[in-house]
2 protein chains.
Amino acid sequence: MSKYHHGDVRNVLLQQAENILIDEGPAGLSLRRLARLTGVSEAAPYRHFDGKDGILAAVAISAFERFAEQLEIAAASTENHEERVMALGAAYVQFAVENPQHFRLIFGRERPPLDQYPELRDAADNAFDVLQRAVTSVDRKAEMTLTEAATAYNRALAAWSRAHGIAMLVIDGMIVPPADQELSNFVLGLLAEDLTIPASA
Amino acid sequence: MSKYHHGDVRNVLLQQAENILIDEGPAGLSLRRLARLTGVSEAAPYRHFDGKDGILAAVAISAFERFAEQLEIAAASTENHEERVMALGAAYVQFAVENPQHFRLIFGRERPPLDQYPELRDAADNAFDVLQRAVTSVDRKAEMTLTEAATAYNRALAAWSRAHGIAMLVIDGMIVPPADQELSNFVLGLLAEDLTIPASA
DNA sequence: TTTCTTATGTTAACTTCGTTAACATTAAAG
DNA sequence: CTTTAATGTTAACGAAGTTAACATAAGAAA
């Protein structure tokens, strides 16, 4: 049995790290345990990653990529602007609910600093670009004044914030989506809610 | 110099814990360091708190209380429902921006489990009750049908989600509020934004 | 092929951490 | 005054992140 150079340690570590992250979160992801589970020495991970942050960064990058994919799919699902914003919001929340630990990783405090991991920064920027493009592109053919552009940007922020808030509150258990309803319908309802005062008292 | 029973260890520990939390977050709050900074033995904190979670719970409780206070002040600032919702949202975000570590503590994953700290649960419930009452009480004198009540609840969730999303994204640095504008104005603008399609292209 | 260099792996150590046990001292209750 | 509970101490355990020192394998250079 050859102990040295099994050849795929990096990928195995990454996959195992992903598994641990999914059912225990970044807190439960200890390098030593990861090494033991992978069947490798406790210092081996340091040959492939820049310590714990390095592993978290790698996982976060792939999480950002999958996140961006889902958003792009949603953005491409319709030509109508309003529907697109709604679909994006629903996809945003759905990703968070289906991948709560990944979502927390890419938005939370245990995410390694973006300025220390350029690839991580790129992955993050890309995801948000997808969002912003899809929300702000009401009509790509129209010329926009500066004011209109600013408004579009604000609309993107507002939409993003709403979806993000719902996602966070749902995965933190502060909002419990009704069991008798599709999650996406519930989310769509919330997204469509505006806060102007209703007609009746 | 009397080393034993200096009398106020619990409060000093709490205050010091608060200080550490503010500029390093829960991750940097180590019990041993806390004890050292407080000038007490490394096991002393265990006489006053239920381990690390106990200290975090205590800090979180006071954070929830201050949070609820701010929200109540905002809720009482106007009789108009729409203005009240806006004021609440602005206060919500302002608390998060002024106390990012506390905000993260009470909403994040390092918050001790609510079901293990009843006082923490109460503090949390109280804060959210303040929110929900202020948002849903359009007109307390009017009788509401079930449907109207459900709508009111949804409106509360929508408002809460928006404010929460803005708060999170701002303190995480994903949204950078414009420097040439009051934070509250920026937030109010975002809160008022609705996502129906604009008239012009 | 043989040698040198680099990548990859191992073991062992260092520091810090949370937590608990065993013991010491003080304050308060009886 | 005596007893007891509260509050403090030191010392230890196991786990963690990280690094240094060393070992082996793979590939380039000779």
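Proteins come first, then strands; the chains are lettered A, B, ... in the order of their sequence lines, and each starts at number 1.
Residue pairs meeting the side chain to side chain donor-acceptor pair (under 3.5 Å) criterion with at least one partner in residues 166-178 of chain B, sequence neighbours excluded, are B/Arg104-B/Asp172.
Side-chain proximity of A/His48 to C/dG9, C/dC17, D/dG17: nearest is C/dG9. When distances run from any side-chain atom of B/Arg32 to the nucleotides C/dG9, C/dC17, D/dT18, the shortest one goes to C/dC17. Of the candidate nucleotides C/dG9, D/dT18, D/dT10, D/dT10 has the atom nearest to the side chain of B/Ala43. Of the listed nucleotides (C/dT20, D/dG17, C/dT10), C/dT10 has the atom at the smallest distance from the side chain of A/Ser41. Listed nucleotides: D/dT10, C/dC17, D/dG8. Nearest to the side chain of B/Arg36: C/dC17.
B/Arg10 comes within 4.0 angstrom of no nucleic acid atom, judged by non-hydrogen atoms across all strands. At a threshold of 4.0 angstrom between heavy atoms, the contacts of A/Leu29 are confined to the sugar-phosphate backbone, with no base atom among them. B/Ser30 comes within 4.0 angstrom of the backbone, heavy atoms only, and of no base.
Between the P atom of C/dT19 and the CD atom of B/Glu42 lies a distance of 13 Å, rounded to the nearest Å. Between the CG atom of A/Leu56 and the C1' atom of D/dG17 there is a distance of 12 Å, given to the nearest Å. Atom-to-atom, CD of A/Glu24 to P of D/dA16 comes out at 11 Å; the value is rounded to the nearest Å. The CZ-P distance, from A/Arg33 to D/dA16, rounds to 7 Å in whole Å. Going from atom CZ of A/Arg47 over to atom C1' of C/dT6 covers 11 Å, rounded to whole Å. The distance between atom NZ of A/Lys52 and atom P of D/dT19, rounded to the nearest whole Å, is 14 Å. Summarising the geometry, the separation between CD1 on B/Ile55 and P on C/dC17 is reported as 13 Å, rounded to the nearest angstrom. Rounded to whole angstrom, the span from the CZ atom of B/Phe49 across to the P atom of D/dT7 amounts to 12 Å.
For A/Pro177 against A/Val170, the heavy-atom pair with the smallest separation is CG-CG1, 3.9 Å. The two residues A/Val135 and A/Ala159 make their nearest non-hydrogen contact at CG1-CB, 4.3 Å.
For the pair A/Gln181 and A/Pro178, the minimum side-chain heavy-atom distance is below 4.5 Å.
Of the residues B/Gln70, B/Arg162, B/His164, the one that meets the side chain to side chain donor-acceptor pair (under 3.5 Å) test with B/Tyr92 is B/His164.
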